[in-house]
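This report refers to the structure that appears directly beneath it.
Quick note: numbers below take in every heavy atom, side chains included, and nothing from hydrogens, waters or symmetry partners. In each ligand, atom 1 is the first atom listed, and ligand 1 is the first ligand listed. Note that the coordinates shown come from a computational prediction; the quantities given were computed from them, not determined experimentally.
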Amino acid sequence: MKDIYEVIILGAGPAGLSAAIYAGRSRISTLLIEKAQDGGQIAITDVIENYPGQMPEGESGPTLIERMSKQVEKFGADRISDTVKEVHLTGSIKKIVCVNGTYKAKTVILATGASHKPIGCKGESEYQGRGISYCATCDADFFEDLDVYVVGGGNSAVQEALYLTKFARHVTIIHRRDKLRAVPTLQEKAFANDKINFFWDSVVEEVGGDEVVQWMKVRNKKTGGITTVKANEEDGIFGVFGFIGLVPTTRLFEGQVEMEDGYIITDEDMKTNIPGVFAVGDMRKKFLRQVVTAAADGAIAAMQVDKYLTEANNETYYG
Ligand code: NAP
């Protein structure tokens, strides 16, 4: 461990790992801090189809991330598992206060990603882990041969619905409009799958049951009509998986880093409003949130760190 690193990277999703690969390869002294497992959202994604150069068959989030983590190791970044409590980003030396220690660096790359948005129905928090889930790869096998409902209409909802068909008896996608947002290839797969059907123009109002989810009220937005979905008596439960978008994990940086709707504002060099502080990946305000764009952000930020450090050194040298 160093007293002062050249860069600290917060978060080991694809953006943070890519930044650590590029920084390590440039011989920048690097500390990568992650509180849980590597990969962020991709660690719980079953199928990756669109990362260039991936294994053509059988690439999953975890297999892709495992290779990225090995590359980080190869290029020599220090790593710790710790949870960030507060950050002091504005000075020339940035301080990251974690549960187990305080770490210092000349620059910081924020790569803390995003997490699921709650469905927003009554009973949601009460029944989390008792029928309500946000992770198909984690919880699909609890619903083997049971009915499952997926809320959302984007890439995540459709991709995870397809995955859930490997376990569930039947999967119903509940979408608030009459058209999916997901890319055409995913839509085609979903429409062709006999196990999937749709509740269009619909939102979940409430879930309930005796200990576990046994009923759900779904409102049709066009007619206003409420349908009560009930668990089959023999099953005694059904699953409700929420995939309605993301909330950026940026609360810790509020008041220091400029944001819009919770997303950090950067320029195309990943620079935030604070000199020496960069932001990458899903937490950043941008058009396309994918593994490939997260990895690209990480590479750019690491190279900008290199430039920032060189310029700071030159200033010190020439006075
Ligand atoms: P998303 O693309 O933002 O889609 C969210 C979906 O949820 C939309 O269909 C939206 O409806 C619906 N929705 C939003 N708020 C809602 C609410 N309050 N009640 C009911 N429905 C609501 O989010 P995502 O699918 O979770 O994906 C997150 C990001 O990861 C996206 O950038 C996505 O492209 C990316 N991703 C990519 C892949 C891939 O490329 N293979 C896979 C997974 C995720 P409307 O359509 O009406 O707005």
N220 backbone acceptor or donor facing D201 side chain under 3.5 Å = no

query = Is it true that the NZ or CZ of R25 lies under 6.0 Å from the centre of Y22's six-membered ring and within 45 degrees of the ring axis?
reply = no

Which residue and heavy atom of the protein sit nearest [atom], plus the separation:
atom	result
atom 23 (O) of ligand 1	G245 CA, 3.3 Å
atom 39 (C) of ligand 1	N50 ND2, 3.7 Å
atom 14 (C) of ligand 1	I244 O, 3.4 Å
atom 43 (C) of ligand 1	S156 OG, 3.3 Å
atom 34 (O) of ligand 1	N155 ND2, 3.2 Å

query = Does any N/O atom on L246 come nearer than 3.5 Å to any N/O atom on ligand 1?
reply = no

key: Sub-3.5 Å N/O-N/O distance, G153 and ligand 1   = yes

task = Determine, step by step, whether F198 and H175 satisfy the side chain to side chain contact (heavy atoms under 4.5 Å, CB included) criterion, reporting the C-alpha distance in whole Å, the side-chain angles of both residues, the deciding distance to 0.1 Å, and the verdict.
result = CA-CA 8 Å; F198 296 86; H175 184 34; 5.9 Å; no

Best match, [options]: closest heavy atom to [atom]:
atom	options	answer
atom 4 (O) of ligand 1	E160, K286, R181, K179	R181
atom 46 (O) of ligand 1	H116, E49, R177, K117	R177
atom 20 (C) of ligand 1	Q41, Q159, R176	R176

request  = Begin from the C-alpha positions of S156 and E160 and carry the test side-chain hydrogen bond (donor to acceptor under 3.5 Å, both in side chains) through to its verdict.
outcome  = CA-CA 6 Å; S156 301; E160 300 308 309; over 6 Å; no

Using 4.0 Å as the upper bound for N to carboxylate O, is an ion pair formed by [Y] and [X]?
X	Y	result
R284	D297	yes
K307	D269	no
R169	D147	yes

Atoms in ligand 1 flagged as close to R289, the criterion being non-hydrogen separation under 4.0 Å = 30 (O), 32 (O), 35 (C)

ask   = Going by the order shown, which atoms of ligand 1 are within less than 4.0 Å of some heavy atom of Q290?
value = 34 (O), 35 (C), 36 (N), 37 (C), 38 (C), 39 (C), 40 (O)

inquiry  = Does the residue H175 have a heavy-atom contact with ligand 1, meaning some pair of atoms that are separated by less than 4.0 Å?
reply    = yes

message = For the CD atom on E211, are there more than 12 heavy atoms of other groups (residues, nucleotides or ligands in this structure) within a distance under 6.0 Å?
response = no

task = Tell me whether the centres of the aromatic rings in Y5 and Y103 are closer together than 6.0 Å.
result = no

ask   = If you measure from each non-hydrogen atom of L186 to ligand 1, which part falls under 4.0 Å: side chain, backbone, both or neither?
value = neither

